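Here the structure comes first, spelled out in structure tokens, and everything after it is commentary.
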Number of protein chains: 2
Amino acid sequence: MADISTRKVNPLFLREEELRQGIELLFYAYRDFTEVADQMLAQYNFGRAHHRVIYFVSRNPGITVSDLLSILKITKQSLSRVLGQLVREGFIEQKTGVQDRRQRLLTLTEKGEALERELTEKQRALIAAAYREAGAESVEGFRKVMMGMMEEKDRKRFEDDGPGGQRRRAG
Amino acid sequence: MADISTRKVNPLFLREEELRQGIELLFYAYRDFTEVADQMLAQYNFGRAHHRVIYFVSRNPGITVSDLLSILKITKQSLSRVLGQLVREGFIEQKTGVQDRRQRLLTLTEKGEALERELTEKQRALIAAAYREAGAESVEGFRKVMMGMMEEKDRKRFEDDGPGGQRRRAG
DNA sequence: CCGTTATGTCAGTTTTGTTGACACATTAAT
DNA sequence: ATTAATGTGTCAACAAAACTGACATAACGG
């Protein structure tokens, strides 16, 4: 069977290629997206795990430990090592919850905020450039595809209800 | 300053929110995309690193070790451990290059092809569902944004020159 | 022949994740 | 009021997947 005739009788051929390109787009983009903060992280002797924690605490001030765990999808023992470091070194503060005093609500200190801005700066710039090149319509398409790939539960974080929408819920 | 007036005088506010949403879209989507193959991988006592190697060898049959390294962006020592396992267990074959006999050209065995299909099946299904929900226009937007985020060098892998376009170059 | 390239390997280390067990304080339920 | 469940933390051992640095071999290219 020649290539062309296969494509005629098998409409799934192009689709398969399209899906594989999707897999690779995701791989290459994520690979380079994570890479841009590495140099800065190394200067603080931190890794990508620290960045993720700092980022999501910055994004969800007052988040509980368990909510942070369900975002990161790692074990509390894994989180503990990284979070403990960040607390000890004064980047993150823990306050006992008011309604539920078992909770340890996490917020960034001034120092933590400063580090967060430094760390995320290049990632933001990378996305900004990609958005600019691609155009507003493409960004909306990107949004839709990404939302379709994530766990249904997390999609509501991105509901289009204004800039405060994200912050209504912590996890 | 009230929220609304801030948004009026500071056009960067929404942009900042949009960029942060972009960061998170990428995080959540990639988190769940990688997760779907884990159960299958565990059955073979393999990890995500094995999957990446199998995937890219499947996608670029006859790829050289150094080209594979520049896709994965890891060290040869890291690759060696994972690749060695896959070769020893009969999933990947190494053939000496013909024009350049220093090269070890990598291809999947039958067994390797079978495993690759099993492993990638769920990821393909996840992307297919996301593409279906989002629609063809959104997929094109997704494509553009992702390409803008990756290293310029890798963008040519996705040039729209038919289904063979990807395979013309290995790395 | 000699410098460079492609690959592999030995040895040690780091980061980031895992399981399992247990402790403590607090909240919720019976 | 006692008991069960929840939120958090911690100790210990382990595993996956990355890293650095050094060195070795074979083959290519001028």
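Chain letters run A, B, ... following the sequence lines, proteins first, then strands; residues in each count from 1. What you see is a predicted model, and the numbers here were worked out from it, not measured in a lab.
- For N45(A) and dC19(D), the CG to C1' distance is 14 Å, given to the nearest whole Å.
- Among dA25(C), dA17(D), dT18(C), the nucleotide with an atom closest to any side-chain atom of R102(A) is dA25(C).
- For F46(B) and F91(B), the distance between ring centers is under 6.0 angstrom.
- In this structure, S80(B) does not reach the dG8(C) phosphate: none of its side-chain N or O atoms is under 4.0 Å from OP1 or OP2.
- In summary, the aromatic rings of F27(A) and F56(B) are positioned with their centroids under 6.0 Å apart.
- The residue among V98(A) and F46(A) whose nearest nucleotide of DNA chain C is located toward the 5' end is F46(A).
- The phosphate of dA18(D) (OP1 or OP2) has a side-chain N or O of R52(B) nearer than 4.0 angstrom.
- If you check dG17(C), dA18(D), dT26(C) against the side chain of R81(B), the one that comes closest is dA18(D).
- At dT7(C), one or more side-chain N or O atoms of S66(B) fall inside 4.0 Å of OP1 or OP2 (strictly under the cut-off).
- A salt bridge does not link E17(A) to R20(A): none of the charged side-chain nitrogens sits closer than 4.0 Å to a carboxylate oxygen.
- The residues K144(A) and E133(B) are annotated as not salt-bridged, no charged nitrogen and carboxylate oxygen being separated by less than 4.0 angstrom.
- For Q77(A) against dG20(C), a side-chain N or O and a base N or O form a donor-acceptor pair under 3.5 Å.
- Ion pairing between a basic and an acidic side chain is recognised when a charged N comes within 4.0 Å of a carboxylate O; E24(A) and R157(B) show no such pairing.
- For D100(B) and dT25(D), the CG to P distance is 20 Å, given to the nearest whole Å.
- Taking 4.0 angstrom as the limit, R101(A) places none of its side-chain polar atoms (N or O) nearer than this to OP1 or OP2 of dA28(C).
- One interatomic measurement links the two molecules: CG of L79(B) to C1' of dA6(C), which rounds to 13 Å at whole-angstrom precision.
- Atom pair L41(A):CG and dC19(D):C1' shows a separation of 15 Å (rounding to whole Å applied).
- Following rounding to the nearest Å, L72(B) (CG) and dA17(D) (P) show an atom-to-atom distance of 12 Å.
- Which of dG8(C), dG9(D), dT16(C) sits closest to the side chain of V65(A) comes down to dG9(D).
- Under 3.5 Å, the side chain of R104(A) and the base of dG9(D) form no donor-acceptor pair of N or O atoms.
- Comparing dT7(C), dA18(D), dT16(C) by their nearest atom to the side chain of H50(A) picks out dT16(C).
- With dA18(D), dT18(C), dT7(C) as the choices, the nucleotide that has an atom nearest any side-chain atom of I74(B) turns out to be dA18(D).
- Distance CD (Q94(A)) to C1' (dT8(D)): 9 Å, rounded to an integer number of Å.
- The separation between I92(B) atom CD1 and dT7(C) atom C1' is 15 Å, rounded to whole Å.
- Rounded to whole Å, atom P of dG8(C) lies 13 Å from atom CG of L86(B).
- In this structure, Q99(B) reaches the sugar-phosphate backbone alone: every heavy-atom distance under 4.0 Å involves primed, P, OP1 or OP2 atoms, never a base.
- Of the candidate nucleotides dG8(C), dG17(C), dA21(C), dA21(C) has the atom lying nearest to any side-chain atom of K76(A).
- When all heavy atoms of G22(B) and I127(A) are compared, the pair lying nearest together is C-CD1, 3.7 Å.
- An OP1 or OP2 oxygen of dT18(C) is reached within less than 4.0 angstrom by a side-chain nitrogen or oxygen of T75(A).
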